[in-house]
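Report on the following structure.
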Amino acid sequence: MPGGALAARLVAEGCDGLVLNGTTGESPTTTDAEKTALVRAVCEEVGGRAAVVAGVGSADTRHTLALARAAEQAGADGLLVVSPYYSRPPQPAVEAHFLRIADASGIPLMLYDIPGRTGIRIEPSTMLRLAAHPRVVAVKDCAYDLLGSSQLIARTSLAYYSGCEELNLPLYAVGGAGFVSTVANAAPRALRAALDAYDAGAVTESVRLNQLTLPLVELMMASGLPGTVTAKALLAALGRPAGPVREPLLPAGRETADGLLKAYDELVGSVAAPL
């Protein structure tokens, strides 16, 4: 399976965890069988060398439970669970949804807070209560609330991962654990380099390295195209396994792909360590 080949490359390039079947992985348009097959293939390819986290989010708690059980049986190390979307349930229902998944699972959960897509926030008070569950251990943070995230990092043991590339370094600097990234599908070493420099105490260098990633981040995440489209276009331009996007998405045009490749090449040329 092409997903296994890409997974092996990402681990070789410095990824210590892989998140499958998220929105960038086109979870809205892949079947349940495809999702399970991907988890199994990637676990077989990289098992023991990187954590494998399976996205199991849906707007239906019963469906999410079924996806969670299938992912766990396929070998996933953890689950990424997004807030139920579109129906916009109130906070008690959001909390109950996550607790149902956590109670039914034997592996840890990463909660996905992305109100811009789901239409609802996981409110800080809800997050505090969920943090008390032994299997709720992490958050993919796309809430764009650095103050709120900083407060929750200070008050809980939750591992906060940036889900917005432009906030990777800021969130890390206030206690974040890392990032879950679309751009890292193509340039994982460049994104990681900024955090490694910060860990080494080279704060000025970490800022410089982070700034070098911004042109590619902007093209991939703020160009008006979904990250799925730009990631697959860049991976294809680099000759890496990606495959076509699925409808209703449409592939990027030649001009977009050329621009992404140019920005990638400039990033690779600017970072000291070879990518």
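Computation of the quantities below employed the complete heavy-atom set of this structure, encompassing side-chain atoms and omitting hydrogens, waters and symmetry-equivalent molecules. We count residues from 1, following the sequence as given.
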Y161 reachable from Y112 in the ILVMFWY side-chain graph, under 4.5 Å edges: yes

Pair N21-S27, side-chain donor/acceptor within less than 3.5 Å: no

Minimum heavy-atom distance between A231 and T182, given as atom pair plus value: CB-CG2, 4.0 Å

Contact summary for A186 and L238, nearest pair of heavy atoms: CB-CD1, 4.4 Å

Under the side-chain hydrogen bond (donor to acceptor under 3.5 Å, both in side chains) test, residues paired with D258 that sit two or more places apart: R254

CG on N210 to CG on L167, rounded to 0.5 Å: 9.5 Å

Single-linkage hydrophobic cluster L216~L214, side-chain heavy atoms < 4.5 angstrom: no

Worked check of side chain to side chain contact (heavy atoms under 4.5 Å, CB included) between D113 and M127: CA-CA 10 Å; D113 191 15; M127 198 75 81; 4.2 Å; yes

For the student: nearest non-hydrogen atoms of A50 and V11, plus distance: CB-CG2, 3.6 Å

Side-chain touch K232/E26, heavy atoms, less than 4.5 angstrom: yes

Heavy-atom closest pair, residues F179 and S181: CD1-CB, 3.6 Å

Of all pairs that satisfy side chain to side chain donor-acceptor pair (under 3.5 Å), the ones with a partner from residues 192-204, not counting sequence neighbours: Y172-D199, R192-D196

E123 side chain to Q91 backbone, donor-acceptor under 3.5 Å: no

Joint hydrophobic cluster, V39 plus L80, side-chain heavy atoms closer than 4.5 Å: no

Over all atoms of both residues, closest heavy-atom pair of P124 and L152: O-CD2, 3.8 Å

Set of side-chain hydrogen bond (donor to acceptor under 3.5 Å, both in side chains) partners for R246, sequence neighbours left out: E34

For T126 against E95, the heavy-atom pair lying closest together: CG2-CB, 3.9 Å

Side chain to side chain, V136 and L158, heavy atoms closer than 4.5 Å: yes

Working for side chain to side chain contact (heavy atoms under 4.5 Å, CB included), residues L171 and S149: CA-CA 8 Å; L171 186 65; S149 298; 4.0 Å; yes

L169 and L195, any side-chain heavy atoms less than 4.5 Å apart: yes

Interatomic distance, L10 atom CG to R189 atom CZ [nearest 0.5 angstrom]: 11.0 Å

Any T29 side-chain heavy atom under 4.5 Å of E247 side chain: no

From CA spacing to verdict: salt bridge (charged side-chain N to carboxylate O under 4.0 Å, His left out), R69, E72: CA-CA 5 Å; R69 293 188 187 105; E72 184 175 355; over 6 Å; no

Residue list, side-chain hydrogen bond (donor to acceptor under 3.5 Å, both in side chains) with S58, at least two apart or on another chain: T64

Residues in salt bridge (charged side-chain N to carboxylate O under 4.0 Å, His left out) contact with E266, at least two apart in sequence or another chain: K262

CZ/R49: more than 12 non-hydrogen atoms of other groups inside 6.0 Å: yes

Student check: side-chain heavy atoms of K35 and L67 closer than 4.5 Å: yes

Any side-chain heavy-atom pair of L6 and L235 under 4.5 Å: yes

Backbone of A33 reached by a side-chain donor or acceptor of T36 within 3.5 Å: no

Results of side-chain hydrogen bond (donor to acceptor under 3.5 Å, both in side chains) for S83 - residues two or more places apart only: none

Interatomic spacing from CG in N185 to CZ in R240 - rounded to 0.5 Å: 10.0 Å

Any M220 side-chain heavy atom under 4.5 Å of Y264 side chain: no

OH on Y144 to CD on E166, rounded to 0.5 Å: 3.5 Å

Check: D265 and L261 side chains under 4.5 Å, non-hydrogen atoms: yes

Interatomic spacing from OG in S150 to CZ in R155 - rounded to 0.5 Å: 13.0 Å

Atom CZ of R100 with >12 non-hydrogen neighbours under 6.0 angstrom: no

Shared hydrophobic cluster, L20 / L79 (ILVMFWY, side-chain heavy atoms < 4.5 Å): no

Derivation and outcome, side chain to side chain contact (heavy atoms under 4.5 Å, CB included), residues R135 and I107: CA-CA 7 Å; R135 281 185 293 282; I107 53 178; over 6 Å; no

Over 12 foreign heavy atoms within 6.0 Å of CD, E218: no

Separation of L219 CG from L234 CG (nearest 0.5 Å): 9.5 Å

Side chain to side chain contact (heavy atoms under 4.5 Å, CB included) between M110 and V180, intermediate numbers included: CA-CA 11 Å; M110 174 186 287; V180 177; 4.2 Å; yes

ILVMFWY cluster, I120 and V82 together (side-chain gap under 4.5 Å): no

